[in-house]
Amino acid sequence: MSEAVIDESGGRYPFREIEKKWQARWADAKVHKATQDTSKQKYYVLVMFPYPSGSGLHVGHCKNYVPGDVVARFKAMQGYNVLNPMGWDAFGQPAEQDAIKRGVNPRTVVPTLAEVYKKQLNILGVSYDWDREINSTDPSYYKWNQWMFLKLYEKGLAYRDAAPVNWCINESTVLANEEVVDGKCWRCDGPVVKKPLPQWKLRITSYADRLLAGLEGIDWAEGLKTQQRDWIGRSEGAEVDFACGTHKITVFTTRPDTLWGATFMVLSPEHPLVAEITTGAQKATLEAYAAEAAKKSDEDRTAEGKEKTGVFTGAYAINPVNGAQIPIWIADYVLTGYGTGAIMAVPAHDQRDFEFARKFDLPIVLVYAEADTPVESGLTEAFASGGAFRESLGSPFSGEPQDKSVIVPKVVKWIEAQGCGRGKIQYRLRDWLLSRQRYWGTPIPMVHCPSCGIVPVPEDQLPVVLPDCENYKPGPDGRSPLSTIESFVKTTCPSCGGPAERETDTMAGSVDSSWYFLRFADPHNENAAWDKAIADYWMPIDMYIGGREHAVGHLLYCRFFTKFFQDLGLISVDEPAAALRNQGMLNAFTPVLSGTDKSIKPGEFVHYPRDEWIAQYNANKAPIPAERIIEVDGKQKIEPIEVEFSWLKMSKSKQTAVTPDEMADKYGADSLRTLILFEAPFEDTIQWSEERMNGPFRFLARVWDTVSGIVSAPPPPGASETLPSVLGGDLPDNWAPMPDADVKTLRRKLHQTIAKVTDDIESFRFNTVVSALMILHDALRKFCNAGGVAHPAARETAEGLTLLLAPLAPHLADELWEKLGGQGFLFQTQWPVSDPSLAANEEVTVVVQINGKVREKLTLPAGLSNDALEAAALDSDKVRADLEGKTIRKVIVVPGKLVNIVAN
RNA sequence: GCCUGGGUGGCGAAAUGGUAGACGCAGCAGACUUAAAAUCUGCGGUCCGUAAGGGCGUGCGGGUUCGAAUCCCGCCUCGGGCACCA
């Protein structure tokens with residue numbers, strides 16, 4: 001539909017030739033190669049490295065690569081020594097699934113996929129230093145994953161512990177969370193339970209306080225920092241010991257001051273003491289309940305609005321502060337992974353405990369009460385703040401107000417003195433489970449020896465190479481496919497030399513991405529993960545760009561690793577990224593099954609005339625009747641369905657992918673880049689529509705026309721052939737018949753635009769950068785059309801515009817620069833500087849309001865005093881007429897902008 | 001449920017306490033053309049009015065202020081994350 005915009009002959013704005021030409025020149029000259037140069041200020045810009053999937057890049061991926069490239073180019077032009085690398089995060093599940101399905105080794109597929117990504121990124125014209133390309137699946141890379149694991153183990157930060165996995169009973173395999181849908185396996189629809197397996201964990205919790213503290217000094221979005229803080233979830237409180245027969249049950253509470261109101265106790269169904277304390281009569285009920293809880297996700301279990309469930313164990317515990325016998329229950333809203341897996345329940349002051357007590361008719365005892373509050377029976381919800389400690393409880397705290405920050409430390413001190421508990425800081429953060437029972441990952445470099453136990457593989461035997469595999473299906477008992485490869489498993493113990501077995505778990509992919517930014521500094525080092533001096537030069541990342549979805553996963557892990565490396569003396573910084581920006585998504589109008597958000601998969605249609613359907617849907621806003629093919633008893637059957645459209649993330653599997661390749665071919669990569677930047681603010685979602693490509697394309701084509709016109713305009717008689725090529729300073733007079741005022745206006749626009757563009761790129765407001773350049777171009781075009789095409793000011797503006805355009809549309813800019821007689825590549829050319837004296841306005845528009853409503857606009861010389869502005873406003877005819885018969889109460893003047901007259 | 005980010009014309013948006021709708025898309029009108037496309041010029045929130053001009057208007061309800069899209073309180077609603085997708 002928009003095809004016609006393009007001149008197929010390539011005569012007007014021949015973007016295909018231009019882009020091909022400059023991509024070749026940049027590659028030949030290695031313009032974007034980064035070399036360490038301590039005489040220059042470095043700037044490390046990094047876009048999170050992608051997982052190269054089989055479907056290649058679509059325009060949605062450009063939402064981060066393009067802005068990242070703009071920053072790299074902008075900083076290079078500002079004279080920084082820029083590092084802008086790229087690589088592949090290629091371990092992971094999709095490749096493994098593919099291997100199981102098609103029997104192909106990911107090892108042979110990954111390089112091909114990476115090549116496709118690289119080719120597509122080059123089509124976009126991004127300025128990566130490809131000499132630093134890395135691939136996380138290369139043994140020369142994952143060797144260092146293993147080395148780091150050994151270091152973590154050495155420091156006691158890697159340990160083995162039982163952790164539950166999703167277990168599909170039918171298939172006897174471990175499932176990822178993503179593979180569990182409504183508590184069932186997404187492939188076989190069979191039941192899924194939690195099954196404990198011994199696995200490797202990293203003690204990220206011992207860095208919890210440093211991970212919190214480190215957030216203070218970094219330039220990341222406040223919301224994202226809050227998410228991290230809440231994820232770490234530091235809470236101060238106490239551990240309290242309750243006796244239960246000969247057993248001791250320890251609970252964690254943030255409210256030890258409410259101990260006097262603890263009327264029952266709740267254990268998680270998985271708590272180890274459950275089996276021991278349960279009385280015979282309750283045993284069967286409890287086991288059934290625990291089995292039911294194992295099927296639920298943590299979110300389902302803890303959801304607040306949800307109806308509470310639970311079972312009485314038949315056992316009692318002794319409340320240490322008052323000797324009360326309180327019943328012990330189990331309930332699924334208490335989780336094993338958090339705290340001690342047991343809580344004391346204070347229904348009077350905690351809402352969840354309150355709901356539980358109401359449901360099971362358990363006693364409620366108020367610790368705090370307003371003087372005139374009636375007794376417990378009148379409560380409709382937990383009484384979480386206010387009131388004073390009740391006298392009748394006989395505690396030493398009678399009369400204290402319910403003020404957590406004051407009373408909790410006092411109570412902690414007291415229970416410590418009593419010996420029934422101690423102050424404790426609890427984190428919500430859990431240790432990092434890095435074991436995966438999968439093939440396509442870094443082998444964990446450990447050996448299990450029957451006589452020596454767990455023995456690390458010595459450093460000089462690294463890497464433990466991931467072996468080839470015949471069959472990618474998981475091994476028995478939930479072990480990884482590696483367990484079926486005898487040549488891999490069988491080894492000798494590094495300690496005693498006897499026969500031993502290798503660990504068959506592999507590492508989670510998040511290990512690879514927790515330090516890749518350091519490898520980019522020194523990617524070819526064979527003797528170390530990186531050289532400290534080199535990494536210290538480049539680190540930290542000055543601008544890190546990636547999606548918000550990484551807020552608490554990757555972005556926490558890589559901070560942990562960086563702090564660990566600092567502790568080992570491997571790096572000087574303790575935060576990986578000084579600044580971080582999160583791009584928005586790119587959505588496409590996607591067909592979904594009516595009334596759901598379930599996308600329609602290939603093969604579910606008989607027909608799919610996309611454009612037609614979209615038009616029809618937009619016209620009627622009603623579901624469109626369609627058909628899909630389903631299989632019933634091995635026979636294909638056509639089933640009628642209804643289809644609607646909704647904005648979902650662009651994706652190949654949903655048949656909505658548009659590739660950068662096709663856009664570059666139709667409109668040019670520069671147009672695509674400009675569109676991505678212009679269409680929505682960097683952090684906002686773009687709703688993709690190809691129609692929108694017209695705007696950026698037309699803009700760049702107009703710039704091409706205008707600058708070409710200026711370049712080929714013959715200088716007027718008597719003029720020197722050489723036109724100024726340095727911005728600012730004085731221009732020759734009387735060059736062309738242009739009024740001085742017009743020349744001044746154009747130059748002012750240029751210098752104002754330089755200032756605005758510089759400022760806006762710095763603050764990631766790329767959309768307003770584009771509009772500012774459009775406005776500058778329009779001013780230049782007008783000037784040329786008015787007879788100024790050969791005027792030095794036109795050429796000066798053309799040069800300025802070209803320089804400002806360089807980060808956004810680098811191919812076109814380099815081409816125009818060459819036409820203008822510029823030397824070299826713009827990547828290596830100085831960014832323009834705004835001259836404040838040329839940018840200053842001589843006149844300003846002052847708005848005159850009466851009672852906050854605009855009544856008049858005055859054009860006045862800039863820099864008038866407030867008194868002069870007020871006088872000018874009161875002197876205007878319009879204002880005088882409006883004020884007729886009114887008394888002026890107050891006049892507010894905003895210098896150079898506004899006068900508001902309050903009158904009645 | 002918990003944590004987080006949004007909501008402004010037909011559409012993408014701009015304005016971060018001071019002229020709401022810059023810039024662009026789609027549309028309409030005109031110029032050029034044998035014609036169409038491209039290109040160029042112009043119009044464009046809404047209501048009243050021939051016009052000049054005026055009223056209303058930034059998800060909803062309240063508040064602060066001379067002045068609120070912007071700040072505060074309460075709602076509605078849409079997106080992202082929730083530890084094995086990466």
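Naming convention: chains lettered A, B, ... in sequence-line order (proteins, then strands); numbering from 1 in each chain. Just so it is clear, the model here is predicted, and its values are computed rather than measured.
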Of A:Ile775 and A:Arg855, the one whose nearest nucleotide on RNA chain B sits closer to the 5' end is A:Ile775
Indicate, with a heavy-atom threshold strictly under 4.0 Å, whether A:Gln437 touches base, sugar-phosphate, or nothing. base
NA contact type, A:Ser435, heavy-atom cut-off 4.0 Å: base, sugar-phosphate, or nothing? base
What does A:Gly223 touch in the nucleic acid at a heavy-atom separation under 4.0 angstrom: a base, only the sugar-phosphate, or nothing? sugar-phosphate
Does any N or O donor sit under 3.5 Å from an N or O acceptor when you compare the side chain of A:Arg229 with the base of B:C3? no
With a cut-off of less than 4.0 Å, is there a side-chain N or O of A:Lys857 near OP1 or OP2 of B:U19? no
When all nucleic acid strands are considered with a 4.0 Å heavy-atom cut-off, which category describes A:Trp231: base, sugar-phosphate, or nothing? base
Categorize A:Val165 for me: base, sugar-phosphate, or nothing, with a 4.0 angstrom heavy-atom threshold over every strand shown. base
Contact class for A:Asn767 (heavy atom, under 4.0 Å): base, sugar-phosphate, or nothing? sugar-phosphate
Using a heavy-atom cut-off of under 4.0 Å over every strand shown, decide if A:Val894 touches base, sugar-phosphate, or nothing. base
Would a line drawn from the ring center of A:Trp647 to the ring center of A:Phe589 be shorter than 6.0 Å? yes
Carboxylate-amine/guanidinium proximity below 4.0 Å for A:Arg765 and A:Asp760: yes
Can you tell me if the side-chain N/O atoms of A:Arg698 get under 4.0 Å from OP1 or OP2 in B:C25? yes
Between P of B:U39 and CH2 of A:Trp704, the distance in whole Å: 17 Å
Can you check B:G5 for me, syn or anti if syn means within 90° of 0? anti
Report which part of the nucleic acid A:Glu179 touches: base, sugar-phosphate, or nothing (heavy-atom distance under 4.0 Å, all strands). nothing
On a whole-Å scale, what distance lies between the P atoms belonging to B:U46 and B:U41? 24 Å
Can you measure A:Met585 atom CE to B:G80 atom C1' for me and round it to whole angstrom units? 7 Å
If you look at every strand shown and take non-hydrogen atoms under 4.0 Å, does A:Gln93 touch a base, only sugar-phosphate, or nothing? sugar-phosphate
Using a heavy-atom cut-off of under 4.0 Å over every strand shown, decide if A:Arg702 touches base, sugar-phosphate, or nothing. sugar-phosphate
Of A:Met774 and A:Lys878, the one whose closest RNA chain B nucleotide lies more 5': A:Met774
Rounded to whole Å, how long is the line connecting atom CG of A:Asn866 with atom C1' of B:G18? 14 Å
Say you pick atom P in B:G21 and the same atom in B:C43; how far apart are they, in whole Å? 15 Å
Report which part of the nucleic acid A:Glu679 touches: base, sugar-phosphate, or nothing (heavy-atom distance under 4.0 Å, all strands). sugar-phosphate
Of the options A:Val891, A:Ile892, A:Asn866, which is the one that meets A:Val899 in a side chain to side chain contact (heavy atoms under 4.5 Å, CB included)? A:Val891
Does OP1 or OP2 of B:C56 have a side-chain N or O of A:Lys853 closer than 4.0 Å? yes
Tell me if the aromatic rings of A:Trp515 and A:Tyr557 count as close, with their centers under 6.0 Å from one another. no
Heavy atoms only, 4.0 Å cut-off, all strands: where does A:Ile686 land among base, sugar-phosphate and nothing? nothing
Tell me if the aromatic rings of A:Phe678 and A:Phe766 count as close, with their centers under 6.0 Å from one another. no
Any base atoms under 4.0 Å from A:Pro681, or only sugar-phosphate, or nothing? Heavy atoms, all strands. sugar-phosphate
Below 6.0 angstrom between ring centroids: does that apply to A:Tyr13 and A:Phe697? yes
Pairwise P distance for B:G63 and B:A13, with rounding to whole Å: 31 Å
May I ask you to say what A:Asp230 touches in the nucleic acid, namely base, sugar-phosphate or nothing, with a heavy-atom cut-off under 4.0 Å? sugar-phosphate
